[in-house]
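Have a look at the structure below before the remarks.
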Amino acid sequence: MNKEQKNEVIELLKGKFTQYNNFYITNTESLSVAQVNHLRKVCFDKNVEMKVAKNTLIKKALESLDGEKYQGIYEALNGVTALMFSDSPKEPALILSTFRKANAKLEKPVLKAAFVADEIYLGDNQLANLVKIKTKNELIGEVIGLLQSPAKRVIAALLEKGKKEGGEAPAEVAAPAAE
């Protein structure tokens, strides 16, 4: 690979690191070509971009963006490295754990590091924690559920009080409950 090609790869990687808030660094060494192709297909189906690059080029791309911000990632750049870029902080972790379960004999791909929402997770032992991360939509759903909960309790209490007093709930109270 000549210098011009290396610079093109560095620029491509810089674009990906800028585009995505989350990326995972994995080791896919010892996976067969068929297994890597299957992993790529799963990534594609889940809107996760998977790129393989040389560690030195990855490090140069990260250093040129913000060397200090990514300082903790550099120690994970060894061996065969595949990058997984995603808008979702959790999707690559789900892909890796599901892939391992489907191929019970495999301990690969190994999570070397992850950069999620400006936090660095080092080591394969962090995969379980990353699977548990809540996405933006999951958090919004929980907040909406929490906000609806008091209103549902008030309506249920009014309905119960109406049944105790008159045997029937007032029409104006019963109508919102049907919604």
Side-chain angles (χ1 to χ4, degrees), residues 1-140:
M1 187 180 268
N2 65 32
K3 188 170 182 146
E4 186 176 304
Q5 291 170 322
K6 289 178 183 179
N7 287 335
E8 286 177 23
V9 171
I10 290 170
E11 289 303 315
L12 174 91
L13 290 172
K14 283 171 54 178
K16 295 295 176 197
F17 290 128
T18 304
Q19 179 183 355
Y20 293 98
N21 294 326
N22 312 298
F23 64 89
Y24 285 53
I25 300 172
T26 64
N27 181 346
T28 55
E29 189 176 16
S30 78
L31 291 181
S32 69
V33 172
Q35 290 168 328
V36 171
N37 286 339
H38 177 68
L39 182 60
R40 284 182 184 273
K41 183 185 179 325
V42 171
C43 287
F44 180 78
D45 292 343
K46 301 283 187 176
N47 294 322
V48 174
E49 282 192 55
M50 185 174 158
K51 301 277 183 214
V52 177
K54 291 184 176 188
N55 294 316
T56 54
L57 299 180
I58 295 169
K59 184 175 180 180
K60 286 181 181 182
L62 291 171
E63 286 175 336
S64 66
L65 289 173
D66 188 348
E68 201 171 298
K69 179 179 180 180
Y70 300 110
Q71 185 68 39
I73 296 280
Y74 303 145
E75 67 187 69
L77 296 175
N78 54 51
V80 176
T81 299
L83 297 166
M84 298 172 84
F85 298 97
S86 176
D87 288 324
S88 166
K90 154 182 194 172
E91 199 63 49
L94 290 172
I95 290 170
L96 292 174
S97 64
T98 304
F99 188 82
R100 285 185 189 176
K101 287 177 188 172
N103 300 289
K105 298 175 190 170
L106 294 177
E107 295 177 8
K108 303 266 175 149
V110 173
L111 176 68
K112 296 198 277 185
F115 186 82
V116 176
D118 293 333
E119 292 291 324
I120 296 173
Y121 298 84
L122 289 174
D124 196 54
N125 58 341
Q126 295 294 319
L127 188 61
N129 294 334
L130 291 164
V131 168
K132 295 175 188 174
I133 289 177
K134 297 202 184 279
T135 64
K136 181 179 177 182
N137 289 340
E138 290 171 335
L139 291 173
I140 290 171

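Every value quoted in this text rests on a predicted model; they were computed, and no experiment measured them.
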Chi angles and distances behind the side-chain contact (heavy atoms from CB on, under 4.5 Å) call for Lys6, Lys3: CA-CA 5 Å; Lys6 289 178 183 179; Lys3 188 170 182 146; 5.6 Å; no
Partner set under salt bridge (Lys or Arg N to Asp or Glu O under 4.0 Å) for Arg100, not counting sequence neighbours: Asp124
Those residues that, when tested against Lys90, pass salt bridge (Lys or Arg N to Asp or Glu O under 4.0 Å) (two or more places apart): Glu138
Flag side-chain contact, heavy atom, 4.5 Å: Ile58 against Phe17: yes
Contacts of Ser97 that satisfy side chain to side chain contact (heavy atoms under 4.5 Å, CB included) - sequence neighbours left out: Leu127, Val131
Partner residues of Thr18 under the side chain to side chain contact (heavy atoms under 4.5 Å, CB included) criterion, sequence neighbours left out: Leu65
Which residues share a side chain to side chain contact (heavy atoms under 4.5 Å, CB included) with Asn2, sequence neighbours left out: Glu4, Gln5
From CG (Asn103) to CG (Leu39), nearest 0.5 Å: 9.5 Å
Side-chain (Thr28) to main-chain (Pro109) donor-acceptor, under 3.5 angstrom: no
Residues that Lys69 engages under salt bridge (Lys or Arg N to Asp or Glu O under 4.0 Å), provided they are two or more places apart: Asp118
Short side-chain to backbone donor-acceptor contact, Asn22 and Asp87, under 3.5 Å: yes
Interatomic distance, Lys51 atom NZ to Lys16 atom NZ [nearest 0.5 angstrom]: 5.0 Å
Heavy-atom pair with the smallest gap, counting every atom of Ala113 and Ile73: CB-CD1, 4.2 Å
Set of residues satisfying salt bridge (Lys or Arg N to Asp or Glu O under 4.0 Å) with respect to Lys54, sequence neighbours excluded: none
Residues which pass ring-ring contact (aromatic ring centres under 6.0 Å, His included) with Phe99, listed by chain and number, not counting sequence neighbours: His38
Please table the atom pairs, donor to acceptor, closer than 3.5 Å between any side-chain atom in residues 8-15 and protein atoms at least two apart or in another chain.
unit_1	atom_1	unit_2	atom_2	d
Glu11	OE2	Lys14	NZ	3.3

Contact summary for Val116 and Pro89, nearest pair of heavy atoms: CG1-CB, 3.3 Å
Of all pairs that satisfy salt bridge (Lys or Arg N to Asp or Glu O under 4.0 Å), the ones with a partner from residues 27-43, not counting sequence neighbours: Lys41-Asp45
Leu111 CG to Asn27 CG distance, which is reported to the nearest 0.5 Å: 10.5 Å
Partners meeting side chain to side chain contact (heavy atoms under 4.5 Å, CB included) with Glu119 (sequence neighbours left out): Tyr121
Set of ring-ring contact (aromatic ring centres under 6.0 Å, His included) partners for Tyr20, sequence neighbours left out: Phe85
Spatial distance of atom OH (Tyr24) from atom CD (Glu91) [nearest 0.5 Å]: 9.5 Å
Distance, nearest 0.5 Å, that separates CG of Leu57 from CG of Asn7: 9.0 Å
Ile25 side chain near Phe115 side chain, heavy-atom distance below 4.5 Å: no
Gap separating the CG atom of Leu96 from the CE atom of Met84, nearest 0.5 angstrom: 4.5 Å
Least distance between heavy atoms, Glu75 atom then Asn78 atom: O-ND2, 3.1 Å
